[in-house]
Amino acid sequence: MAREVKGRATRRSFLMTTGAASAVAVAGCLGGEGPDDDEFVITLSQFPDTVDPIDHITGDYFDVFDHVYEPLFDIQPGEAPESRVVEDWEHGDGAAELRLRDDVQFHDGQDLTAEDVAFTLERQIDPEVGPASSQVAGLGSIEGAEAVDDSTVRFEYSGAAALAEYEFGNYARAMSREWTDDQESAESGEIVGDSADVFNGTGPYEVVDFTPDTEIVLEPFDDYWGDEPPFERLVFNADEESSGRVAALETGESDLTINVLPEDVQTVQDTEDAEVRTVTSFRNIFCPMKNEAEPFDSQEFRQAMNYAVDNEGVIDDVLSGFGEPMSQPVPPGVNGYNPDLDPYPYDPDEAESLVEESGYGGAEIELVAPQGRYLNDADVAQTVADQIDQLENVSCDVDVVDFGVVSDANSAGMDDYEIPFFMIGWGVITGDTDYGVSGFFQEGGGVQTFRDEELDQAIEESKEIDDPEEREQQLQAVNELAREKAPWIFLHLQESIYGVRQDVQWEPREDETIWAWEMSQ
């Protein structure tokens with residue numbers, strides 16, 4: 001299971017082994033007029049507004065921080081975790097003992113220890129240790145961690161071993177305990193600051209320059225234990241507008257940009273030496289309906305909202321075909337996805353009939369949605385609201401707001417009904433159904449928007465099953481039950497659209513992860 005450890009490669013040997021020596025010219029470059037021939041520039045849609053690697057949980061943040069704060073495991077969608085900083089591990093009696101490599105250093109020169117890893121995990125889940133960020137939503141079965149010796153850390157969990165692996169395999173980006181204690185804000189417990197010195201991971205890149213809200217510059221860490229990364233300088237910046245990101249690609253100021261909107265695809269295709277690459281991602285777009293608020297406390301009403309929306313039409317008209325209708329809380333390729341479930345068909349007559357059955361005929365509702373966070377999100381929301389509003393017995397308005405408003409509504413849980421109906425997206429980054437349902441449908445998951453005893457119990461039973469096939473069947477039953485109870489309007493799977501220089505060897509991933517060491521020329 002251990003990851004192969006190769007001798008430290010020079011930059012020249014790396015290029016030779018990737019067969020790219022003749023092509024040379026490391027990104028930045030690639031026929032464009034980048035600011036530096038040794039740079040590779042990635043333009044995000046959202047620049048990290050924190051320097052604390054466990055403070056947030058969004059794809060854009062991981063794209064940056066994974067290069068600095070090294071995950072313990074490498075994760076490929078649908079695959080078991082693969083060793084990275086961890087050499088091997090074994091389970092027993094509700095716990096896993098992970099043995100760490102003995103040659104891993106933080107960028108400040110300290111050795112990585114089991115105590116650092118245990119501290120990092122505890123800092124994520126225990127508010128008395130650290131900020132206990134929203135990442136806790138993905139660590140539902142992990143109960144604690146402790147150092148057994150200098151190189152062995154013990155993770156305790158309450159569910160099945162396979163579930164625990166999905167969870168700790170996706171989190172636990174190690175932080176130095178000593179360094180963190182020195183850096184943390186006394187007021188918030190978070191890492192704060194505006195210089196390169198506020199980053200200290202064990203990753204292949206270290207931060208050499210940081211301009212908050214603008215740019216972060218990385219260079220290879222000389223004492224990294226593994227292969228030398230491919231680019232001499234790796235730069236992340238951001239532009240909230242798709243047109244701005246595409247313009248950076250056109251001018252050679254960027255080598256790869258994420259979240260290209262459908263209306264900008266042709267511009268990328270017309271750009272010399274650039275092309276569009278796409279993948280259907282694990283990110284679902286949906287509309288939660290908090291079911292302790294009227295009229296969403298009626299299953300008939302919630303089902304009616306699903307019948308009222310023409311998902312195929314939305315994908316064709318608003319997303320130019322870049323999407324797939326959803327039938328359940330998780331997408332194909334995720335463990336527990338149920339292939340026998342179909343999306344709700346567009347049937348406004350059935351929707352009106354169910355509204356009458358619910359007793360909420362004449363209901364007036366409002367859909368709150370973000371703008372600029374997902375593909376054409378505001379236009380999608382407007383179309384969804386219009387289609388619901390076309391029902392003779394329901395009125396629906398739309399309110400487009402900053403993403404933070406929607407995110408807060410999502411995180412507010414079942415105690416806050418100020419915004420009971422909103423649109424949001426969720427990437428099932430672990431590749432397991434549990435991550436797509438537990439947080440939303442169970443207490444304590446951090447983002448609960450639906451309370452139902454039967455669904456809660458079905459999810460809980462899935463956590464206790466060790467046999468992989470039996471557990472997958474139970475998760476499929478969970479997805480079927482969720483479709484029937486309609487806690488969300490199931491909209492679509494988002495197509496991830498990238499603009500990238502043509503001679504960059506890289507394929508986009510379903511989990512939206514961007515790792516420089518998966519690229520070559």
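The residues of the chain are indexed from 1 along the displayed sequence.
- S45 is linked by a side chain to side chain contact (heavy atoms under 4.5 Å, CB included) to D60, R245, I258, N259, counting only residues two or more places apart in sequence or in another chain.
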Practice task
Verify side chain to side chain donor-acceptor pair (under 3.5 Å) between W225 and E70, making sure each step is shown before the conclusion.
Solution key: CA-CA 11 Å; W225 62 270; E70 189 168 32; 3.2 Å; yes
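- Aromatic ring centres of F236 and H67: separated by under 6.0 Å.
- Of the N and O atoms on the side chains of T43 and T257, not one donor lies less than 3.5 Å from an acceptor on the other residue.
- Remark: aromatic rings of H91 and Y157 are close, center separation under 6.0 Å.
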Exercise for the section: Begin from the C-alpha positions of R123 and D52 and carry the test salt bridge (charged side-chain N to carboxylate O under 4.0 Å, His left out) through to its verdict. Expected result: CA-CA 11 Å; R123 188 171 181 267; D52 195 317; 2.6 Å; yes
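- Ring centroids of F199 and F210 are separated by less than 6.0 Å, placing the two rings close together.
- Within the 6.0 Å centre-distance limit, the rings of W426 and Y435 are counted as a close aromatic pair.
- For the 3.5 Å distance criterion, the side chains of Y374 and Q494 fail to qualify, holding no donor opposite an acceptor.
- Side-chain contact of N410 with S407: a donor-acceptor pair under 3.5 Å is absent, judged by distance alone.
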Handout entry: side chain to side chain donor-acceptor pair (under 3.5 Å) assessment of T280 paired with E495
Key = CA-CA 4 Å; T280 300; E495 192 87 354; 2.7 Å; yes
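- Residues A160 and I465 come closest through the heavy atom pair CB-O, 3.1 Å.
- In this model, a donor atom of one side chain and an acceptor atom of the other lie less than 3.5 Å apart for W515 and D66.
- For D149 and T152, the side-chain atoms include at least one donor-acceptor pair closer than 3.5 Å.
- Between F221 and F106, the ring centre distance reaches or exceeds 6.0 Å.
- Side-chain contact check for E167 and S141: at least one donor-acceptor pair (N or O, by modelled atom type) lies under 3.5 Å.
- A salt bridge does not link K463 with E461: none of the charged nitrogens is closer than 4.0 Å to a carboxylate oxygen.
- For the side chain to side chain contact (heavy atoms under 4.5 Å, CB included) test, no residue two or more places apart in sequence or in another chain qualifies with Q473.
- In this structure a side-chain-to-backbone donor-acceptor pair under 3.5 Å is present from Q448 to F450.
- The two residues P220 and Y205 make their nearest non-hydrogen contact at N-CD2, 3.6 Å.
- Remark: D452 pairs with K485 by the salt bridge (Lys or Arg N to Asp or Glu O under 4.0 Å) rule, at least two apart or across chains.
- The shortest heavy-atom contact between A412 and K290 is CB-NZ, 4.1 Å.
- Between F168 and W89, the distance separating the two ring centers is not shorter than 6.0 angstrom.
- The minimum heavy-atom distance linking E165 with P81 is given by the pair O-CG, 3.6 Å.
- Between R451 and E292, at least one side-chain N (NZ, or NE/NH1/NH2) sits under 4.0 Å from a carboxylate O, which counts as a salt bridge.
- In the model, Q442 has a side-chain atom that pairs as donor or acceptor with a side-chain atom of D456 under 3.5 Å.
- Contact detail for T433 and N335: the closest heavy-atom pair is OG1-O, 2.7 Å.
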